[in-house]
K.L.:
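Handing you a structure now.
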Amino acid sequence: MNVTAAVITVSDKGSRGERVDTSGPMLCGLLKENGYDVVYMAIVPDEIERIKDELIHCADTKHVGLVLTTGGTGFAARDVTPEATLEVIEREARGIPEAMRAASMCVTPRGCLSRGVAGIRGGTLIVNLPGSEKAARENIEAVMDSLSHGMKMLASEGSAECAFTAAQDDKPRHKKEKPSMDQWLHEAKSAPGAEQCGMYLFHNGIVRETARAKVRQHQSGTQPVKGMIFSSDEEKVKAAVAAANAMPGIHYARVWLNEGELSVGDDVMLVLVGGDIRPHVVDALQALVGEIKTNCVQEKEVF
């Protein structure tokens, strides 16, 4: 299902051109990686009426499926994104912000301070995210899979589609589109701690024709691989990324994994690690890729 999406950055300084918006472009990239068609972006000041106007425009005029806001969810007097959102939605979806705050609490005890809300207006789901690029990423990644299922339920206008989708969960999913390495590097250089990074290294894994048994165990007579059924455990991947970020000298780690029925030559994973010096970055990249391949993914070769 092709779902349209919009990203609205709420920031006084951003709307005046006094601060570069990194959260908005990051969210657009993540949405595209997960199959959404991003059709609209905007930056507005921390003013209730301006925020409401943008949300209503996205829902009622552009009929966007998913709207993500970033910024204005804290305790400051001008943090009014939740209030604006509550005024325009028709039904709350309280489980989404609850799940995001629970995920944030695993990273920092301050995660409970986010006041973001989520809800439905017509056929549009609106979700508030924090303004920090790092926090916005952590929040949306915690619920991305659930949002996909929720969008199918919303589009179905009933529970029948929910039952149908649940029945399909065990079937291989369609493969994803590989993210832009240039965009990833741009976002990494804008992330907190970038000033401490002396280098970045990528790992780009693809499906090869030679079977694992032949490559790793030197077995002869193996047939050429025609493809692969690939899946991953999201929680284990998050733990692997967190462990890489905790390694000496490492200030940035990011992972994208494909899924579903892949063909020879298709991308399997993209891993980016940034740190202070080459030995640290090399060690972290090798450790992260090794952990992912050993404990986080399932690869079934098709002959």
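Side-chain atoms are counted along with the backbone in the values below, which use heavy atoms only and exclude waters and symmetry mates.
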K.L.:
Heavy-atom distance under 4.5 Å between the side chains of Tyr200 and Val273, does that happen here?
P.N.:
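They are not in contact (no side-chain heavy atoms under 4.5 Å apart), so the answer is no.
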K.L.:
Taking ring-ring contact (aromatic ring centres under 6.0 Å, His included) as the cut-off, I'd like each qualifying pair that reaches into residues 78-130, sequence neighbours left out, listed once.
P.N.:
none
K.L.:
With a sphere of 6.0 Å drawn around CD of Glu177, does it hold more than 12 non-hydrogen atoms of other residues, nucleotides or ligands?
P.N.:
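Open.
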K.L.:
Would you say that Met199 contacts Ile277 through its side chain, given a criterion of any heavy-atom pair below 4.5 Å between the two side chains?
P.N.:
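They are not in contact (no side-chain heavy atoms under 4.5 Å apart), so the answer is no.
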K.L.:
Would you call Glu291-Lys236 a salt bridge at under 4.0 Å N-O?
P.N.:
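A salt bridge is absent here (no side-chain N lies under 4.0 Å from a carboxylate O).
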K.L.:
Between Glu83 and Val117, is there a side-chain heavy-atom distance shorter than 4.5 Å?
P.N.:
no
K.L.:
Measure the CG-CG distance between Leu147 and Leu31 for me, rounded to the nearest 0.5 Å.
P.N.:
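That separation rounds to 9.0 Å.
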K.L.:
Should Ile126 and Ile120 be regarded as members of a common hydrophobic cluster, given that ILVMFWY residues are connected when their side-chain heavy atoms come within less than 4.5 Å of each other, either directly or indirectly?
P.N.:
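No: no chain of side-chain contacts under 4.5 Å links Ile126 to Ile120.
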K.L.:
Drop me the distance from Ser104's OG to Asn139's CG, to the nearest 0.5 angstrom.
P.N.:
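CG of Asn139 is found 3.5 Å from OG of Ser104.
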K.L.:
Donor-acceptor pair, distance only, cut-off 3.5 Å: does the side chain of Glu90 make one with the backbone of Gly122?
P.N.:
yes
K.L.:
Charged N to carboxylate O under 4.0 angstrom, Glu54 versus Arg50?
P.N.:
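No, no charged N to carboxylate O under 4.0 Å.
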K.L.:
Using a 6.0 Å cut-off, check whether atom CZ of Arg91 has over 12 heavy atoms from anything other than its own residue.
P.N.:
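Not buried by this count: 12 neighbours or fewer within 6.0 Å.
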K.L.:
Are a donor atom and an acceptor atom from the side chains of Asn34 and Ser148 found within less than 3.5 Å of each other?
P.N.:
no
K.L.:
Any salt bridge linking Arg78 with Asp12? Criterion: basic side-chain nitrogen under 4.0 Å from a carboxylate oxygen.
P.N.:
yes
K.L.:
Under a 4.0 Å threshold between the charged nitrogen and the carboxylate oxygen, would Arg137 count as salt-bridged to Glu141?
P.N.:
yes
K.L.:
Evaluate the side-chain proximity of Val271 to Arg254: yes if any heavy-atom separation is below 4.5 Å, no if none is.
P.N.:
no
K.L.:
For Asn245, check side chain to side chain contact (heavy atoms under 4.5 Å, CB included) against everything at least two apart and list the hits.
P.N.:
Val241, Ile250, Ala253
K.L.:
Between Asp267 and Met269, is there a donor-acceptor pair closer than 3.5 Å when you use the side chain of the first and the backbone of the second?
P.N.:
no
K.L.:
Show every ring-ring contact (aromatic ring centres under 6.0 Å, His included) that has at least one partner inside residues 56-78, sequence neighbours left out.
P.N.:
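Listed by first then second residue: Tyr40-His57.
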K.L.:
Distance-only, no hydrogens or angles: does the Thr69 side chain make a donor-acceptor pair with backbone N or O of Ile8 under 3.5 Å?
P.N.:
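Pair absent, no side-chain N/O of Thr69 close to backbone of Ile8.
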K.L.:
Using every non-hydrogen atom in the two residues, find where Ala188 and Ala194 come nearest and quote the distance to one decimal.
P.N.:
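Minimum heavy-atom contact is O-CB, 3.5 Å.
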K.L.:
Return the CE to CZ distance between Met105 and Arg101, rounded to the nearest 0.5 Å.
P.N.:
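Spacing of CE (Met105) from CZ (Arg101) equals 11.0 Å.
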K.L.:
Counting N and O atoms only, with roles assigned by atom type, does the side chain of Ser232 sit under 3.5 Å from a partner on the main chain of Glu234, one being a donor and the other an acceptor?
P.N.:
no
K.L.:
Using a 4.5 Å cut-off on heavy atoms from C-beta on, say whether the side chain of Lys238 contacts that of Val255.
P.N.:
no
K.L.:
Can you give me the closest heavy-atom contact between Val64 and Ala6, atom names plus distance?
P.N.:
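Residues Val64 and Ala6, closest heavy atoms: CG1-N, 3.5 Å.
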K.L.:
Take Lys300 and Met228 through the test side-chain contact (heavy atoms from CB on, under 4.5 Å) and record every step on the way to the result.
P.N.:
CA-CA 5 Å; Lys300 181 180 179 182; Met228 176 183 292; 5.7 Å; no
K.L.:
Looking only at heavy atoms, which two atoms of Ala118 and Ile89 are closest? And how far apart?
P.N.:
O-CD1, 4.1 Å
K.L.:
Got a sec, which residues hit salt bridge (Lys or Arg N to Asp or Glu O under 4.0 Å) with Lys52, two or more places apart in sequence or on another chain?
P.N.:
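Salt bridge (Lys or Arg N to Asp or Glu O under 4.0 Å) check on Lys52 returns Glu49, Glu87.
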K.L.:
Say whether Leu129 and Val107 are linked into one hydrophobic cluster, either directly or through other cluster members, by side-chain heavy-atom distances under 4.5 angstrom.
P.N.:
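Per the 4.5 Å side-chain linkage, Leu129 and Val107 are not co-clustered.
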K.L.:
I'd like to check the salt bridge (Lys or Arg N to Asp or Glu O under 4.0 Å) partners of Glu133; sequence neighbours left out, ordered by chain and number.
P.N.:
none
K.L.:
Is the backbone of Gly14 close enough, under 3.5 Å, to the side chain of Arg19 for a donor and an acceptor to pair up by distance?
P.N.:
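Side chain of Arg19 to backbone of Gly14: no pair is present.
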K.L.:
Going from NZ on Lys13 to CD1 on Ile43, what distance comes out if it is rounded to the nearest 0.5 angstrom?
P.N.:
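Going from NZ on Lys13 over to CD1 on Ile43, the span is 14.5 Å.
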K.L.:
Would you compute the distance between atom CD of Gln286 and atom NE2 of His203 and round it to the nearest 0.5 angstrom?
P.N.:
10.5 Å
K.L.:
Taking the side chain as every heavy atom from C-beta outward, state whether Leu201 and Val282 have any pair of such atoms under 4.5 Å apart.
P.N.:
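Contact flag for Leu201/Val282 side chains = yes.
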K.L.:
Under 3.5 Å, is there a donor-acceptor pair between the side chain of Arg208 and the main chain of Thr210?
P.N.:
yes
K.L.:
When you measure from the side chain of Arg121 to the backbone of Ala59, do you find a donor-acceptor pair of N or O atoms at a distance under 3.5 Å?
P.N.:
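Absent.
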K.L.:
Check Val10 against Pro45 and note the closest heavy-atom contact, atom names and distance.
P.N.:
CG1-O, 3.8 Å
K.L.:
Assess whether a salt bridge exists between Lys226 and Glu301, defined as any Lys/Arg side-chain N lying under 4.0 Å from an Asp/Glu carboxylate O.
P.N.:
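No.
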K.L.:
Do side-chain atoms of Asp266 reach the backbone of Ser263 as a donor and acceptor pair under 3.5 angstrom?
P.N.:
yes
K.L.:
Do Val289 and Leu270 sit in the same hydrophobic cluster, where Ile, Leu, Val, Met, Phe, Trp and Tyr count as joined when their side-chain heavy atoms come under 4.5 Å apart?
P.N.:
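In one cluster: no.
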K.L.:
Can Asn204 and Lys178 be counted as having a side-chain donor-acceptor contact under 3.5 angstrom?
P.N.:
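Result is yes, a qualifying pair exists.
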K.L.:
Taking atom CD1 of Ile56 and atom CD1 of Ile51, what is their separation to the nearest 0.5 Å?
P.N.:
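The CD1 atom of Ile51 is 12.0 Å from CD1 of Ile56, to the nearest 0.5 Å.
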K.L.:
Would you say the side-chain atoms of Trp184 and Glu33 include a donor-acceptor pair closer than 3.5 Å?
P.N.:
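A pair is found: one side chain offers a donor N or O, the other an acceptor, under 3.5 Å apart.
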K.L.:
Has the side chain of Asp276 got a donor or acceptor atom that lies under 3.5 Å from a matching backbone atom of Cys197?
P.N.:
no
K.L.:
Using a distance-only test with no angle check, is there a side-chain donor-acceptor pair under 3.5 angstrom linking Asn128 and Thr73?
P.N.:
no
K.L.:
Mind jotting down which residue pairs meet the ring-ring contact (aromatic ring centres under 6.0 Å, His included) criterion with at least one end in residues 2-37? Sequence neighbours excluded, please.
P.N.:
none
K.L.:
Nearest heavy-atom pair of Met41 and Cys28: which atoms, and what distance?
P.N.:
SD-SG, 3.2 Å
K.L.:
Give the C-alpha distance, both sets of side-chain angles, the deciding distance and a yes or no for side-chain contact (heavy atoms from CB on, under 4.5 Å) between Leu66 and Thr4.
P.N.:
CA-CA 6 Å; Leu66 175 65; Thr4 56; over 6 Å; no
K.L.:
Do Ile229 and Leu262 have side chains that get closer than 4.5 Å, going by heavy atoms?
P.N.:
no
K.L.:
Kindly say whether Gly24 contributes a backbone atom to a donor-acceptor pair with the side chain of Thr70 at under 3.5 angstrom?
P.N.:
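Here the side-chain-to-backbone pair does not exist.
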K.L.:
Hey, any chance Leu30 and Leu257 share a hydrophobic cluster, counting ILVMFWY side chains that come within less than 4.5 Å of each other, even indirectly?
P.N.:
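Different clusters: Leu30 never reaches Leu257 through Ile, Leu, Val, Met, Phe, Trp or Tyr contacts under 4.5 Å.
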K.L.:
Report yes if some heavy atom in the side chain of Asp37 is under 4.5 Å from a heavy atom in the side chain of Val3; otherwise report no.
P.N.:
no
K.L.:
Which pair of non-hydrogen atoms, one from Gly72 and one from Arg115, has the smallest distance, and what is that distance?
P.N.:
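Reported closest heavy-atom pair: O-NH2, 4.5 Å.
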K.L.:
Could you go through the side-chain contact (heavy atoms from CB on, under 4.5 Å) check for Leu125 and Met151 one step at a time?
P.N.:
CA-CA 8 Å; Leu125 175 63; Met151 297 309 301; 3.9 Å; yes
K.L.:
Among Val44, Asp60, Val67, Thr124, whose side chain to side chain contact (heavy atoms under 4.5 Å, CB included) with Leu55 holds?
P.N.:
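Running side chain to side chain contact (heavy atoms under 4.5 Å, CB included) over Val44, Asp60, Val67, Thr124 with Leu55 returns exactly one hit, Val67.
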